[in-house]
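Hydrogens, waters and symmetry mates play no part in the numbers below; they use all other heavy atoms, side chains included. What you see is a predicted model; the values in this text were computed from it and never measured. Just so we're on the same page: letters track the sequence lines, and every chain starts at 1.
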Amino acid sequence: MRGYDHKKIEKKWQKKWEADNIYTTPDTSPKKDNFYLLTEFPYPSGNLHVGHWYAFSVPDILARYLRMRGKNVLYPIGFDAFGLPAENAAIKNKLNPRTWTEENIAYMRKQIRSMGASFDWSREVVTCDPAYYKWTQWLFLQLFKKGLVYQKETAVNWCPNCKTVLANEQVVDGRCERCDTEVVQKQMLQWNIKITDYADRLIDDLEKLDWPREIKESQKNWIGRSEGAEIDFPLAIDDVKRIILLHGKGGSAVGAWKPWLKMKLEAMGYEVQIPALPNTNEPNDEEQADYVQKHCTLDEHTAIVGHSFGGVVALRLLERGVKVRRVALVATPYSGVYLDGKERPSVTAILKKGFDFEKIKKQSDFVLLYDTNDHVVPMSDGEAFAEKLGCYLVRGKGVESHFNGAVEPDVFLAAVPAIRVFTTRPDTLFGATYLVLAPEHPWLTLALQHKTVLKNHGEVQSYVDQSKKKTELQRQTGEKEKTGVRLERVEAVNPATGGKIPMFVADYVLGHYGTGAIMAVPAHDQRDFEFAKKFNLPVQHVLATTIQSTAGADAVHAREPFVEKNAVMCIIKHWAKDEYLCIKWRDYDVRAFVSGGIEKGEDAVAAGIREIREETGYLNPKFIRHVGGPSIVEFYHQRKKENTRTRFEYLYFELEDGKQEEISTAEDAKHEIFWKTFAELSGYLTIKENAKVLGLLATGSEGAYVGEGILMNSDGFDDMSSEEARRAITEKYGRLKTTYKLRDWIVSRQRYWGVPIPIVHCKKCGAVSVSEEDLPVVLPEVDDYLPEGTGKSPLAKKREWVEVKCPSCGGVGERETDTLDTFVDSSWYFLRYADPLNSEEFASKENQKQWMPVDLYSGGAEHTTMHVLYSRFWHKALFDLGLVADSEPYVRRMNRSLILGPDGQKMSKSRGNVVDPDAVVERLGADTVRMYLAFIGPYNEVSSYPWNPDGVVGVRRFLERVFRAEALVVEADTDELSESLHETLKKVGEDIEQMKFNTAVSALMILLNAIEKAKTVSTSQWDVFLRMLAPFAPHVAEELWSVRHQGTIHDEEWPEYDASLIARAMRTIVIQVNGKKRGELRVASDAANDAVESDARQQIAPHLEGKRVLKTIFVPGRLVNFVVV
RNA sequence: GCCGCGGUGGUGAAAUCGGCAGACACGCUAGCUUCAGGAGCUAGUGCCCGCAAGGGCUUGGGAGUUCAAAUCUCCCCCGCGGCACCA
């Protein structure tokens, strides 16, 4: 095209803008408000793709617009330069990762500049620059000092191919996000950051943010907070018949708990023996043991509970060769074992007694240690003791409870150890008919160490072994079919019903969530239901559904009593057609199934048949099956004028034939009958409950009812709502507990190309932070970038770097050789943009104040639960440290859409549908590409748009027409176009602010069409047009601006629209008759209704002929509608 | 399964405080033009009936509210994204 040589003008203006530094952003600008527009900085992969153009050039429209609007806009750019690809390339091509990265950055800088985006390059941030990562290390150390960083031996995701640890987020369907290798679990010592400490705030603070719902929901979902209860289910081992209680010295707590415990245990069917041990302050365990052996029955049906010193006695008994089923030691590490009258009660003291623990272990199925807390002795003492004994450790509420005389359930637990479950549905506790443990559950692990605990030890052991072998992948994608093994000889006691229930191990229960054990309520949990069906376990319903009907029948009348009823609801299929019967009440416009009350002593099916005959006259309905129920429906009965609470059973009938008797006139007057297909029916019914039944019929099975309801079969809790019952049952049988799916953030990477973790390990002082004046810990050059494969990074091979003095004691130390996850680098980069050259601080308070928080952050949806969540957490941690002023980093966040290949598929080299932006820019110019991407669809919604090669050409044509329109510019004043010009001005401004760039471009196109049609445009109007075009096509606008102006268009102000001009524009009014368009009318916007009506009547006279106009509806400036009969 | 978002011509889409459905652009059809290009101009282009005037239908399906529904309500279906045996 003659006028428009994109190559020439783009190069020309880019050079000029750069030379003039027009995009260098000062921290403050007189009389201008600051605006911080952020887009995610790119990874220097080496080549810019269309996605980058979409990410950078489209928000640039907003940046430029806001500048014209008088804002001081920061629109920065940088590179997220650490990470695996550089290292992989280094290994593959024997390059230095730094060289590889820097070359890529240099190339991509050029490419980004070709966009003509208004980035302020003077603030560029590169994360692999020591001047940047010095502060990454410094910030990490601040978190370390605050206690938010810890090292832990964790089962982590290990990729055997990359030979590194992956974050949970980097595992996709059990495979490595990068190389698709199956991920395995491996125990490793890892650096973790306590993001879970912030779980509540990360959810709760979302409320304050005006973000798209979808982003908030994803984050909430990811954090996965559930509020529920922990409930203890006591264990019963069926051949324990007798429990012997041994109290401590001086009687200790025994006076308080003995009678209560005896009563409780006897109620459960145990025989209880309490030997009257000599009560002395200086007991002798040998003497006491003699006494017990003499007075008590000690055999394989006996369990011993030893409290405090009583526990020592129990141990002594075992050592003597006494064989019993089970022993529980209550608070025994704290027992009054005073060797010399002075020593604190402790494990050490017990150990000095010289027990033969190996022998003790063999004398009993297992020993349970009931530990309390560390008010008296450190918790670790209890742990050490448990380890020595191979004990199952039960954690209790506090040692003081044993001395305060209160009746404590904890003591009871010690006698009869319990499995603690987590549930979000304590309201269904009475329906818990069995218990399931995860294969990793610690109690099970202990039980398996003693071959005699479980009758089917071998079977259980092999199931546990098998599920351990299953990788994460198999557990996630493999068979969802429930498997499991019953734990024979042990049972649990449902604390609510007191009934004994079976226990299972099954891998549908996860070891790492909740307590690793669940109460199974098959009636009200689908998974439990499936398991129960398979293992033929009882299903106990404890909830009736409740629906408060609103449609047709009125909502219940408040404060009026309910009339209780039993009823059936009948779905009736036609004898020949695939249609279902529906009756419509004549008076109330209620469309429903046949339903009616069950009379006293009547069978539900009989009642159904009777009702069908009465209401429809059909003689031969055949009962097919029960579809659902019971379900309690509350509604206001229109005819009877009373609140009704009805318990419905749902029955499905098929008519055998069409034989029908005359129905009574009374019935006929009430309703009429319709036959509808299944599909029609769902929309046709007016009562919710009917539609629900239809759903049940369609799915064919009831399954578990997982909704809320009214309790039944739950003793004192009957008739409570689920919500009430949750509170009441939790209070009585458990305690409130909140759990999260979110796990702590593992930040160690066993890789070279990352920020070295600034920690030194010292034999004496442990993990010590590098002192601040020694930062940065510079990433050293190494010869070989291959990870060792042992789990250590290549840095470990560099001994002279690793060996260093301990910053604390000066002794021999070793540097940490892991590097940080790159998500740490990107958790604060936006702060650095505010003050990129500061060598004293990561960013000065003053500069932060100018720019933070970020006004608008645009990025990819894939970062919602990763980068965005991590950086929110990081910012909160810095906020708590007083390092930043806001608790949230981003005022607004928006996710960008995806640009697909021309075939509508995701662009990929293997599909061969990759669009190379450089080539398109070469052919059609940067302005065309920018504007096309703006035009492709709304930027403020997440979607995906295929790149249409013809569509780009269309935009190019538009720009060429803009160039040609220059010839239409005349000096003379004309206002022919002014109304549409100002309408466009208004629309374009508003659309840009809402990021609806597509309709803004469309408005510009419409205006250009009008200019071409007018054949002439005044200079002032043309100037306005060019200024509107400037944010979209900066080079073209600048070129055409320079025809008549000095100075850059990008320093111009955005023109204000004239509202009065828009108001005076003519309007088209639509004329409707009964809502159908019959004509239209051009009127001035201030035309009177009367005038409009008479004109309109005239125009559509034929449509009104012989009709009577009931009503005329005016919508000013839009339409007039005649309602006629 | 749960949560979220969405479903409008041949295509990208527009219109959502209820008020002309399909703006703008691509593509397609016909004609014109041409310094032969991935060019320009003019007209047409949701579907059906009709030579036309005109009429009917149409926003995933069904039902409802309303003078009026893509837009609001209810039920169902489909697509995309996230989570996923999370108790």
Under-3.5 Å N/O pairs linking protein and nucleotides 21-24 of chain B:
residue, atom, partner, partner atom, Å
B:C24, O4', A:S1002, OG, 3.4

Please list, chain by chain and in numerical order, all residues satisfying side chain to side chain contact (heavy atoms under 4.5 Å, CB included) with [X], sequence neighbours excluded.
| X | result |
| --- | --- |
| A:M1005 | A:F935, A:F958, A:V1001 |
| A:K7 | A:D5, A:E922 |
| A:E941 | A:P938 |

Using whole Å, report how far [atom1] of [X] lies from [atom2] of [N].
| X | N | atom1 | atom2 | answer |
| --- | --- | --- | --- | --- |
| A:Q905 | B:G12 | CD | P | 14 Å |
| A:E217 | B:C5 | CD | C1' | 11 Å |
| A:N1074 | B:C67 | CG | P | 11 Å |
| A:F531 | B:C85 | CZ | P | 16 Å |
| A:F1114 | B:A68 | CZ | P | 18 Å |
| A:N221 | B:C5 | CG | C1' | 13 Å |
| A:Y945 | B:C5 | OH | P | 16 Å |
| A:K220 | B:C5 | NZ | P | 12 Å |

Please list every donor-acceptor pair under 3.5 Å in which a side-chain atom of residues 1109-1125 of chain A meets a protein atom from a residue at least two apart or in another chain.
residue, atom, partner, partner atom, Å
A:N1121, OD1, A:N1074, N, 3.4
A:N1121, OD1, A:G1075, N, 3.1

Taking atom types as modelled, is there a side-chain donor on A:Y733 or A:D232 under 3.5 Å from an acceptor on the other?
no

Determine the Euclidean distance between corresponding P atoms of B:C80 and B:A25; express it in Å to zero decimal places.
32 Å

Could you tell me how far B:C72 sits from B:A14 if I compare only their P atoms? Round to whole Å.
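Looking at atom P only, B:A14 and B:C72 are 16 Å apart.
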
Is A:K482 side chain donor-acceptor paired with the B:C85 base, going by distance under 3.5 Å alone?
yes

Looking at the base of B:C67, is there any donor atom on it, or on the side chain of A:N1121, that sits under 3.5 Å from an acceptor on the other one?
yes

Hey, can you pull the donor-acceptor pairs under 3.5 Å for the side chains in residues 513-523 of chain A, sequence neighbours left out?
residue, atom, partner, partner atom, Å
A:Y513, OH, A:S226, OG, 2.9
A:Y513, OH, A:T739, OG1, 2.9
A:T515, OG1, A:R420, O, 2.6
A:T515, OG1, A:A517, N, 3.4
A:T515, OG1, A:A517, O, 3.3

For A:K741 and A:E1080, take the nucleotide of RNA chain B holding the closest heavy atom to each; which residue's nucleotide lies nearer the 5' end?
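Closer to the 5' end of RNA chain B: A:E1080.
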
Which residue lies toward the 5' end of RNA chain B, A:T739 or A:K987, if each is placed at its nearest nucleotide?
A:K987

Quick check: A:F593 with A:Y580 (ring centres under 6.0 Å apart)?
no

Could you let me know what B:G10 is paired to, Watson-Crick or G-U wobble, both distances under 3.5 Å, or none if it's on its own?
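Check on B:G10: paired to B:C26, both distances under 3.5 Å.
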
Taking only the side-chain heavy atoms of [X] (C-beta and beyond), determine which of [options] contains the nearest atom.
| X | options | result |
| --- | --- | --- |
| A:P946 | B:A87, B:C20, B:G12 | B:G12 |
| A:D950 | B:C26, B:G82, B:A87 | B:C26 |
| A:F422 | B:G55, B:A87, B:A13 | B:A87 |

Between A:K534 and A:E530, does a salt bridge (Lys or Arg N to Asp or Glu O under 4.0 Å) hold up when you go through it step by step?
CA-CA 6 Å; A:K534 186 161 170 181; A:E530 285 162 24; over 6 Å; no

With a non-hydrogen cut-off below 4.0 angstrom, is A:L1119 in contact with a base, only sugar-phosphate, or nothing?
base

Categorize A:P938 for me: base, sugar-phosphate, or nothing, with a 4.0 angstrom heavy-atom threshold over every strand shown.
sugar-phosphate

Please name all residues satisfying ring-ring contact (aromatic ring centres under 6.0 Å, His included) with A:F504, sequence neighbours left out, ordered by chain then number.
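Expected list: A:Y434, A:F531, A:F535.
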
Which residues pass the ring-ring contact (aromatic ring centres under 6.0 Å, His included) test with A:H524, not counting sequence neighbours?
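With neighbours one apart ignored, the set is A:H541.
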
Expected rows: protein N/O vs nucleotides 40-45 of chain B N/O, under 3.5 Å:
residue, atom, partner, partner atom, Å
B:G40, OP1, A:R957, NE, 3.0

